[in-house]
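Computation of the quantities below employed the complete heavy-atom set of this structure, encompassing side-chain atoms and omitting hydrogens, waters and symmetry-equivalent molecules. Residue numbers start at 1 and run along the sequence shown.
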Amino acid sequence: MSKYYNPKRKADWNYGGSKWKLSRSKLELFIDCPKCFYLDNKLGTKRPPGYPFNINSAIDHLLKKEFDVHRAKGESHPLIEKYGVDARPVHHEKLNLWRENFVGVEYTHPKTKMTISGAIDDLWINSKDEYIVVDYKATAINDKIETLDKDHHEGYKRQMEIYQWLLRQNKLTVSDTGYFVYANGNKDAKAFDGKLEFDVTLIAYEGNDSWVEKAIKDAHKCLEGNSIPQAGEECDYCSYREAVTKVEI
Ligand code: SF4
């Protein structure tokens with residue numbers, strides 16, 4: 001069995017276990033498909049993960065290093081200046097924890113007693129001392145990326161809003177405006193020559209986290225229930241499972 005997939009993980013990692021948290025990605029799964037969320041978190045069997053995107057992780061890592069240089073100097077970044085944005089990368093004593101996968105920004109939701117978590121990519125601040133959530137994205141498409149109008153961007157927007165909500169629960173004053181630093185690999189070069197160049201754009205997004213509280217309560221209700229909820233629509237995993245079941249009979 002692949003080291004990336006463990007269909008029978010230890011109960012500690014399931015809902016009610018000592019290591020379980022409602023991460024940002026789990027909440028997104030609940031929104032996408034309550035059935036998969038329940039099978040994963042309550043019954044402990046999750047669908048196989050995608051293979052890790054190591055190139056995306058490398059780009060995230062390098063962007064973090066690049067913005068950290070400017071953070072250390074207390075100055076803005078050329079990309080921020082190019083877009084005329086009132087912001088600079090900022091220090092916070094918890095930033096390293098908040099950026100760490102499987103730790104992130106945490107908050108224990110009083111009504112459900114669930115710990116909600118999500119790891120941010122970066123934190124900036126504006127001249128009104130409002131913190132700004134920043135998320136890095138990487139892709140390689142032909143069009144210049146300046147808007148968030150594709151279907152998969154809806155998840156990116158929710159991601160931003162959950163981070164804004166989490167930081168607000170941690171008593172930070174957070175601007176509704178967050179930013180995506182979008183690195184788009186240039187496929188028009190004559191040859192690879194061992195390097196890939198990127199266009200980097202900065203996209204502002206006005207977040208609205210008013211839905212988060214209800215989503216958390218709904219996810220909690222789902223986990224407290226004793227029946228498997230309905231699946232979401234248009235899922236290739238379930239289509240595959242159904243197709244395989246039919247041909248095997
Ligand atoms: S529809 Fe997809 S997401 Fe939902 S239970 Fe099936 S595999 Fe999981």
| Using the ring of each side chain (for Trp, its six-membered ring), is His77 parallel, tilted or perpendicular to Phe67, with breaks at 30° and 60°? | parallel

| query | Just checking, is any N or O donor in the side chain of Thr115 or Glu106 under 3.5 Å from an acceptor N or O on the other one? | reply | no

| query | Side chains of Lys144 and Thr201: does their closest heavy-atom pair fall under 4.5 Å? | reply | yes

| Just wondering, more than 12 heavy atoms not from Leu43 lying within 6.0 Å of its CG? | yes

Do any side-chain atoms of residues 239-249 form donor-acceptor pairs under 3.5 angstrom with protein atoms, and if so which ones, sequence neighbours left out?
residue, atom, partner, partner atom, Å
Ser239, OG, Cys235, O, 2.9
Thr245, OG1, Arg241, O, 2.6

| Is the side chain of Tyr182 donor-acceptor paired with the backbone N or O of Leu202 at a distance under 3.5 Å, no angle test? | no

| Tell me, do Glu213 and His109 make a side-chain contact under 4.5 Å, heavy atoms counted? | yes

| query | Can a donor-acceptor pair be found between the side chains of Tyr15 and Glu224 at a distance below 3.5 Å? | reply | yes

| said: Are there over 12 heavy-atom neighbours, none belonging to Lys82, within less than 6.0 Å of that residue's NZ? | reply: no

| said: Using a 6.0 Å cut-off, check whether atom NZ of Lys187 has over 12 heavy atoms from anything other than its own residue. | reply: yes

| Would one find more than 12 heavy atoms of other residues, nucleotides or ligands at under 6.0 Å from atom OH of Tyr237? | yes

| field | Min side-chain heavy-atom separation Arg99-Leu95 under 4.5 Å | value | yes

| Should the ring pair Tyr156 and His153 be called parallel, tilted or perpendicular, given that the plane angle runs from 0 to 90° and is split at 30 and 60? | tilted

| request: Check the pair Asp121 / Lys64 against salt bridge (Lys or Arg N to Asp or Glu O under 4.0 Å), numbers first and verdict last. | output: CA-CA 7 Å; Asp121 282 336; Lys64 278 179 187 162; 3.8 Å; yes

| query | Tell me, do Val134 and Ile120 make a side-chain contact under 4.5 Å, heavy atoms counted? | reply | no

| query | With ILVMFWY side chains joined below 4.5 Å, transitively, what does Leu97's cluster contain besides itself? | reply | Val103

| query | When you look at Arg168 and Asp209, which way does the salt bridge (Lys or Arg N to Asp or Glu O under 4.0 Å) test go after all the steps? | reply | CA-CA 10 Å; Arg168 286 177 179 133; Asp209 68 9; 2.9 Å; yes

| query | Between the side chain of Lys113 and the main-chain N/O of Pro110, is any donor-acceptor distance below 3.5 Å? | reply | yes

| Distance-only side-chain donor-acceptor flag, Asn184 / Thr139, under 3.5 Å | no

| request: Apply the test salt bridge (Lys or Arg N to Asp or Glu O under 4.0 Å) to residues Glu161 and Arg158: give CA-CA distance (whole Å), side-chain angles for both, the deciding distance (0.1 Å), then the verdict. | output: CA-CA 5 Å; Glu161 288 162 348; Arg158 283 193 292 273; over 6 Å; no

| said: For Arg71, is there an ion pair with Asp68 - N to carboxylate O distance below 4.0 angstrom? | reply: yes

| Given side chains that start at C-beta, do those of Tyr107 and Trp165 come closer than 4.5 Å, heavy atoms only? | yes

| field | Asp122 and Trp124: side chain donor to acceptor below 3.5 Å | value | yes

Please tabulate, for the side chains in residues 33-42, all donor-acceptor contacts under 3.5 angstrom to protein atoms that are two or more places apart in sequence or on a different chain.
residue, atom, partner, partner atom, Å
Tyr38, OH, Gly225, O, 3.1
Asp40, OD1, Arg9, NH1, 3.1
Asp40, OD1, Arg9, NH2, 2.7
Asn41, OD1, Trp20, NE1, 2.9
Asn41, ND2, Phe37, O, 2.9
Lys42, NZ, Leu223, O, 2.7
Lys42, NZ, Gly225, O, 2.7

